[in-house]
Amino acid sequence: MAHFNGRFIDRIVVLTGAGISAESGIPTFRDAAGLWEQHDPMDIATPGAFRRDPALVYRFYNARRANLAGVAPNSAHLALARLQQEFAGEVFLVTQNVDDLHERGGSRQVCHMHGQLGAMLCNSCQSTMQAPEAFDALSACPACGGVGSLRPDVVWFGEIPYFMDEIALQLGNCDLFIAIGTSGLVYPAAGFVQRARQRGATTVEVNIEPSEVTGLFDYQRQGPATVAVTALVAELLGQ
Ligand code: OAD
């Protein structure tokens, strides 16, 4: 348990977005060199796009998965893992990121609301399994043997994010909500701050610049995640 700006804190919910992985070398979506500057998300990240041009969608996610091998978690991922291990209360980590840098940074509980690059889903038998580095329409499902039924296990626009019931429960119970490196443009995640406020939680935004929903937060910690998250975690751990 801790005090934050004079308030007693027992339960923390942390939401992360692409900004936390930016300094590890994974491009964000909406910054100047971001992924959605190079591709229209409607051509890549919707069920309709996958039906229209599956080869393009497989290529995009295979390339992003391959890119993961060359990057490493940064000090912000490590700091959050330390918070989860050392904080006397509870810390629930929910990420919009499909990379595995929280896990590689030492986090044992990570709720991937937008799925994971490292997983694939069979549209035929509905199994979810670990993905090889690359797969496409010619790959057979290891579970049912069906060919052409595998897709990346990521949540696309128009699909419902994973674990929404669990996330709602956690937001309805937290004393402190921290959003890190997320633009506040994509719902439902952009609405989590409001849910936490309704519950009476203190809210903190960590971002290199103000997000779309910055005005809804009680406190802003502006700066690169590696610096700002590390400082915030040290403060919460009383170090
Ligand atoms: P965005 O690319 O929309 O936003 C990244 C945020 O990180 C911005 O607010 C930046 O200011 C901030 N940022 C960049 N570098 C940073 C740094 N070093 N330290 C701190 N903050 C930094 O990414 P998300 O908000 O994660 O969904 O995007 C949300 C969802 O939109 C993604 O999960 C994805 C995307 O379309 C799907 O694909 C369904």
Side-chain angles (χ1 to χ4, degrees), residues 14-50 56-58 60-61 63-65 67-68 71-80 93-102 105 110-119 121 151-164 167 177-193 204-217 219-233:
V14 180
L15 168 70
T16 62
I20 197 167
S21 297
E23 290 164 86
S24 290
I26 299 182
T28 63
F29 293 94
R30 298 176 179 80
D31 293 316
L35 290 169
W36 295 158
E37 286 301 309
Q38 294 154 48
H39 303 274
D40 181 340
M42 295 303 126
D43 292 338
I44 300 278
T46 69
F50 186 54
L56 175 71
V57 176
Y58 284 122
F60 176 79
Y61 287 100
R64 289 182 65 199
R65 197 176 303 108
N67 186 44
L68 281 187
V71 300
N74 64 49
S75 54
H77 298 103
L78 301 183
L80 288 181
L93 176 57
V94 50
T95 187
Q96 298 164 89
N97 298 344
V98 294
D99 66 52
D100 58 353
L101 295 185
H102 282 304
V110 188
C111 174
H112 280 276
M113 63 178 290
H114 287 168
Q116 299 186 66
L117 276 177
L121 172 68
R151 60 165 276 182
D153 190 15
V154 298
V155 174
W156 286 325
F157 289 101
E159 297 181 323
I160 298 169
Y162 293 142
F163 310 118
M164 289 310 296
I167 296 167
F177 173 72
I178 305 169
I180 302 167
T182 179
S183 57
L185 282 162
V186 176
Y187 285 81
F192 290 176
V193 59
V204 185
E205 175 173 87
V206 180
N207 203 305
I208 208 158
E209 61 182 32
S211 76
E212 281 301 306
V213 290
T214 200
L216 296 174
F217 288 85
Y219 301 100
Q220 279 81 22
R221 297 292 173 91
Q222 202 163 321
T226 50
V227 177
V229 176
T230 308
L232 180 59
V233 166

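In what follows, every heavy atom counts, from backbone to side chain, and hydrogens, waters and symmetry copies are set aside. As the structure lists them, so they are numbered: ligands from 1, and atoms in each ligand from 1.
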Inset, instruction - Starting from atom 12 (C) of ligand 1, locate the nearest protein heavy atom and write down its residue, its atom name and how far away it is, to 0.1 Å. - result: N207 OD1, 3.2 Å
Inset, instruction - State, without any angle test, whether Y61 and D153 hold a side-chain donor-acceptor pair at a distance under 3.5 Å. - result: no
Legend entry - Atoms in ligand 1 flagged as close to A22, the criterion being non-hydrogen separation under 4.0 Å: 15 (N)
Inset, instruction - Could you please spell out the steps behind the side-chain hydrogen bond (donor to acceptor under 3.5 Å, both in side chains) verdict for E212 and S183? - result: CA-CA 6 Å; E212 281 301 306; S183 57; over 6 Å; no
Inset, instruction - Taking N97 for its side chain and D99 for its backbone only, find out whether a donor-acceptor pair lies under 3.5 Å. - result: no
Legend entry - Nearest-0.5 Å distance that lies between atom CG in L68 and atom CZ in R65: 8.5 Å
Inset, instruction - Check step by step if side-chain hydrogen bond (donor to acceptor under 3.5 Å, both in side chains) holds for H77 and S21. - result: CA-CA 8 Å; H77 298 103; S21 297; 3.2 Å; yes
Inset, instruction - Under 4.0 Å from a heavy atom of E209: give me the atoms of ligand 1 that qualify, with their elements. - result: 11 (O)
Legend entry - Donor-acceptor pair, side chain of N74 and main chain of I20, under 3.5 angstrom: yes
Inset, instruction - Would you check, one step at a time, whether the test side chain to side chain contact (heavy atoms under 4.5 Å, CB included) holds for T28 with L35? - result: CA-CA 6 Å; T28 63; L35 290 169; over 6 Å; no
Legend entry - Closest approach of Q96 to G17 (non-hydrogen atoms, all atoms of both residues): NE2-CA, 3.9 Å
Inset, instruction - Using heavy-atom distances, let me know which of D31, T182, L185 sits nearest atom 24 (P) of ligand 1. - result: T182
Legend entry - Atom indices of ligand 1, in the order listed, that fall short of 4.0 Å to a heavy atom of V155: 39 (C)
Inset, instruction - Identify, by atom number and element, the atoms of ligand 1 in contact range of P224, meaning under 4.0 Å from any of its heavy atoms. - result: 19 (N)
Inset, instruction - Considering only non-hydrogen protein atoms, determine which one is nearest to atom 19 (N) of ligand 1 and report residue, atom name and distance to 0.1 Å. - result: A225 N, 2.9 Å
Inset, instruction - Flag G181 as yes when one of its N or O atoms lies below 3.5 Å from any N or O atom of ligand 1, and as no otherwise. - result: yes
Inset, instruction - Quick one: pull up CD1 in I167 and CE in M113 and give me the separation to the nearest 0.5 Å. - result: 5.0 Å
Legend entry - For atom 17 (C) of ligand 1, the protein heavy atom that lies nearest, with its residue and separation: G19 O, 3.4 Å
Inset, instruction - Would you confirm whether N207, through its side chain, and T182, through its main-chain N or O, come within 3.5 Å as a donor-acceptor pair? - result: yes
Legend entry - For atom 30 (C) of ligand 1, closest protein heavy-atom neighbour: V186 CG2, 3.8 Å
Inset, instruction - Could you say whether the N/O atoms of H114 and ligand 1 ever approach to under 3.5 Å? - result: yes
Legend entry - Ring geometry between F50 and Y58 (parallel below 30°, tilted from 30 to 60°, perpendicular above 60°): perpendicular
Inset, instruction - Please report which non-hydrogen protein atom sits nearest to atom 4 (O) of ligand 1, along with the residue it belongs to and the distance in Å to one decimal place. - result: S183 CB, 3.4 Å
Legend entry - Within-cut-off N or O pair, F29 and ligand 1, under 3.5 Å: yes
Inset, instruction - Return the residue, atom name and 0.1 Å-rounded distance of the protein heavy atom closest to atom 26 (O) of ligand 1. - result: A18 N, 2.8 Å
Legend entry - Per atom 31 (O) of ligand 1, closest listed option by heavy atom (E212, Q96, R30): R30
Legend entry - Atoms in ligand 1 flagged as close to E23, the criterion being non-hydrogen separation under 4.0 Å: 17 (C), 18 (N), 19 (N)
Legend entry - Step-by-step ring pair (Phe, Tyr, Trp, His ring centres under 6.0 Å) determination, H39 to F60: CA-CA 10 Å; H39 303 274; F60 176 79; 5.1 Å; yes
Legend entry - Under 4.0 Å to a heavy atom of G17 - the qualifying atoms of ligand 1, by number: 26 (O)
Inset, instruction - Quick one: look up the protein heavy atom nearest atom 21 (N) of ligand 1 and list residue, atom name and how far away it is. - result: I208 N, 3.4 Å
Legend entry - salt bridge (charged side-chain N to carboxylate O under 4.0 Å, His left out) between E159 and R151, intermediate numbers included: CA-CA 14 Å; E159 297 181 323; R151 60 165 276 182; 2.8 Å; yes
Inset, instruction - Please determine if A45 has a nitrogen or oxygen closer than 3.5 Å to a nitrogen or oxygen of ligand 1. - result: no
Inset, instruction - Give the residue, atom name and distance (to 0.1 Å) of the protein heavy atom nearest atom 36 (O) of ligand 1. - result: W36 NE1, 2.8 Å
Inset, instruction - Check ligand 1 against F157 and write out every atom of the ligand that is under 4.0 Å from a heavy-atom position of the residue. - result: 36 (O)
